Amino acid sequence: QKPARGYANAAKGIKYEDIGGLGSEIQRVREMIELPLKNNELFKRLNIEPPKGVIMHGPSGTGKTLIAKAVANESRANFLYIAGPEIMGKYYGESEERIRKIFEEASENAPSIIFIDEIDSIAPKRENVTGEVERRVVSQLLTMMDGLEERGQVVVIGATNRVDSLDPALRRPGRFDREVEIGVPDTDARHEILQIHTRGMPITEEVQLDYLAKNTQGFVGADLKALVQEAAMCSLQRFLPHLNLDEEIPQETLEEIVVTTEDFENA
Ligand code: ATP
């Protein structure tokens, strides 16, 4: 397998082990995307077609982008990112042109994963479509997907938190015909996510991540990451008055800087 070239950078280094609590979702994504990218001959043997498009849906900050990057990185595929709302250009034809270019790039450098974040903003249900731009962009997207030749070598992942408001034309067979729901994490999943985000952070032994997990009902991955970072900032604020910032901080002093339960509570 060729190593990924160039613009895979956005996904570089992101692994499945960096994702907390989405074991079965990752498993499904791997079967749908990684398997055909890496072992297309299995699909040829069975004469079945791997998906061209997968929709990941669920609330914001639950790890949809993270999974897409991890699957690209772990399959050694290029990762091309499209931010739904940003692709909508002001000038006639600009958005379609951008989509066409990205698909071209993806095909030239296959295996590739094209990730379209907030796909509902470019492909809303037609009855909700107000502008002519959306109509043209959706039809360009569909044309590009229909035109993908070697199946399984370019996969498009669309992410949305409003799956019901997607244009149904997108979800026909041969287009985005698979779906994975990425939900809000439960207690165990929150525990795993907290463990991931505190890896390599000097937290004291009394910090009970399982207790924090129990008490963060409703937090998604992005919230938990923010919590951990804020706790570290609280620790920094405690230590700052004791540091002389004009001089290099001695190693022994650095080693005293730790994140405590109180920092988490303050955060
Ligand atoms: P959006 O719909 O807003 O784009 P998203 O579902 O794509 O959200 P991500 O961008 O993947 O969410 O998540 C934001 C950040 O939150 C990630 O980079 C990661 O640091 C953290 N995060 C989210 N979910 C998880 C998770 N399950 N495990 C570990 N970290 C997570």
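Bear in mind the structure is a predicted one, so any value in this text is a computation, not a measurement. Along the sequence shown, residues carry numbers from 1. Whatever order the structure lists ligands and atoms in, that order sets their numbers, starting from 1.
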Enquirer: Could you list which atoms of ligand 1 come closer than 4.0 Å to a heavy atom of Lys225?
Expert: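 By the 4.0 Å cutoff, the relevant atoms are 20 (O).
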
Enquirer: Any donor-acceptor pair under 3.5 Å linking the side-chain atoms of Tyr16 with those of Gln27?
Expert: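 Checked: Gln27/Tyr16 side chains show no N/O donor-acceptor pair below 3.5 Å.
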
Enquirer: Is the shortest side-chain heavy-atom distance between Val155 and Pro51 below 4.5 Å?
Expert: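 No, too far: nothing below the 4.5 Å cut-off.
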
Enquirer: Assess whether atom CD of Glu206 is packed by more than 12 heavy atoms of other residues, nucleotides or ligands within 6.0 Å.
Expert: yes

Enquirer: How many angstroms lie between CD1 in Ile119 and CG in Asn161, if you round to the nearest 0.5 Å?
Expert: 12.5 Å

Enquirer: Looking at ligand 1, is there an atom of it that comes within less than 4.0 Å of some heavy atom belonging to His197?
Expert: yes

Enquirer: Do the charged groups of Glu94 and Arg98 touch, with an N to O distance under 4.0 Å?
Expert: yes

Enquirer: With heavy atoms of Asp18 as the reference, note each atom of ligand 1 found under 4.0 Å away.
Expert: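 Under 4.0 Å from Asp18, ligand 1 has these atoms: 28 (N), 29 (C).
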
Enquirer: Under 4.0 Å, heavy-atom basis, I'd like to know which part of Ile193 is in contact with ligand 1: side chain, backbone, both or neither.
Expert: side chain

Enquirer: Can you check whether Gly61 has an N/O within less than 3.5 Å of an N/O in ligand 1?
Expert: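 N/O-N/O distance under 3.5 Å: yes.
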
Enquirer: Show the atoms of ligand 1 that are less than 4.0 angstrom away from any heavy atom in Ile19.
Expert: 27 (N), 28 (N)

Enquirer: In the protein, what heavy atom is nearest to atom 1 (P) of ligand 1, and what distance, to one decimal place, separates them?
Expert: Ser60 OG, 3.6 Å

Enquirer: Would you check whether Gly63 has a nitrogen or oxygen atom less than 3.5 angstrom from a nitrogen or oxygen atom of ligand 1?
Expert: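 Yes, since at least one N or O of Gly63 sits under 3.5 Å from an N or O of ligand 1.
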
Enquirer: Return the option from Gly21, Gly20, Gly221 holding the heavy atom at the smallest distance from atom 22 (N) of ligand 1.
Expert: Gly221

Enquirer: Sequence neighbours left out, cut at 3.5 Å: what donor-acceptor pairs do the side chains of residues 227-241 make with other protein atoms?
Expert:
| residue | atom | partner | partner atom | Å |
| --- | --- | --- | --- | --- |
| Ser235 | OG | Val258 | O | 3.0 |
| Arg238 | NE | Asp263 | OD1 | 2.9 |
| Arg238 | NH2 | Val258 | O | 3.1 |
| Arg238 | NH2 | Asp263 | OD2 | 2.7 |

Enquirer: Less than 4.0 Å between a side-chain N and a carboxylate O, is that true for Lys101 and Glu105?
Expert: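 Looking at Lys101 together with Glu105, the answer is no, because their closest N to O distance does not fall below 4.0 Å.
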
Enquirer: Just jot down the ligand 1 atoms closer than 4.0 angstrom to any heavy atom of Asp117, in number order.
Expert: 4 (O)

Enquirer: Ile196 near ligand 1, heavy-atom distance under 4.0 Å?
Expert: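 Outside the 4.0 Å threshold, so no.
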
Enquirer: Please tell me whether Val184 and Val29 are part of a single hydrophobic cluster in this structure, the criterion being side-chain heavy atoms less than 4.5 Å apart.
Expert: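 No: no chain of side-chain contacts under 4.5 Å links Val184 to Val29.
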
Enquirer: For atom 11 (O) of ligand 1, which candidate among Leu224, Leu66, Ile182 holds the nearest heavy atom?
Expert: Leu66

Enquirer: Side chains of Thr261 and Tyr211, heavy atoms from C-beta outward: is any pair under 4.5 Å?
Expert: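 Not in contact.
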
Enquirer: Can you list the ligand 1 atoms lying under 4.0 Å from a non-hydrogen atom of Leu22?
Expert: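 Near Leu22, the atoms of ligand 1 are 27 (N).
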
Enquirer: Can you tell me which residue and heavy atom of the protein come closest to atom 2 (O) of ligand 1, and the distance to 0.1 Å?
Expert: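 So the nearest neighbour among protein heavy atoms is Lys64 NZ, 3.3 Å.
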
Enquirer: Mind checking who shares a hydrophobic cluster with Ile196, ILVMFWY linked at side-chain heavy-atom distances under 4.5 Å?
Expert: none

Enquirer: So for ligand 1, is Asn161 a polar contact partner (N or O within less than 3.5 Å, distance only)?
Expert: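 Such a contact does not occur with ligand 1.
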
Enquirer: State whether Arg100 and Glu97 are salt-bridged, where the test is any N-O pair (Lys NZ or Arg NE/NH1/NH2 against Asp/Glu carboxylate O) under 4.0 Å.
Expert: yes

Enquirer: Quick one: look up the protein heavy atom nearest atom 16 (O) of ligand 1 and list residue, atom name and how far away it is.
Expert: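 For atom 16 (O) of ligand 1, the nearest protein heavy atom comes out as Ala222 CA, 3.2 Å.
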
Enquirer: Counting non-hydrogen protein atoms only, what is the nearest one to atom 7 (O) of ligand 1? Give residue, atom name and distance.
Expert: Thr65 OG1, 2.5 Å

